[in-house]
Amino acid sequence: MDHSDDHTDQRLTALEIKASFTEDLVDHLNQVVVRQQQQIDLLIREVADLRRQGPDEGGATFRSLRDELPPHY
């Protein structure tokens, strides 16, 4: 084996290692995206539930800042 073949083998090995790390990174990022989408879907459902509840169903009612003033004002 001459010097050129040895150098080519080293470069090929380096590329295979980089490809392996890249695949692992893509898999990890995909898992993160899936988890975030699940969280987003859950939050969308919770917001929709809160909107359906409205103030008449035990939700917090809107209070004016005037309601917060002490009685001596």
Checklist entry - Taking atom CG of L50 and atom CZ of R52, what is their separation to the nearest 0.5 Å? => result 9.5 Å
Pairs under 3.5 angstrom only: tabulate donor-acceptor contacts from the side chains of residues 24-38 to other protein residues two or more places apart or in another chain.
from : atom 1 : to  : atom 2 : distance (Å)
Q37  : NE2    : D41 : OD1    : 2.9

Checklist entry - Do the non-hydrogen side-chain atoms of R11 and T8 ever get within less than 4.5 Å of each other? => result no
If you link ILVMFWY side chains whenever their heavy atoms are less than 4.5 Å apart, which other residues fall into the same cluster as [X]? By chain and number, please.
{"X": "L12", "answer": "none"}
{"X": "L15", "answer": "none"}
{"X": "I44", "answer": "I40"}

Checklist entry - With sequence neighbours excluded, what pairs up with I17 under the side chain to side chain contact (heavy atoms under 4.5 Å, CB included) test? => result T13, F21
Item to check | Sequence-distant partners of E23, side chain to side chain contact (heavy atoms under 4.5 Å, CB included), two or more places apart | outcome: none
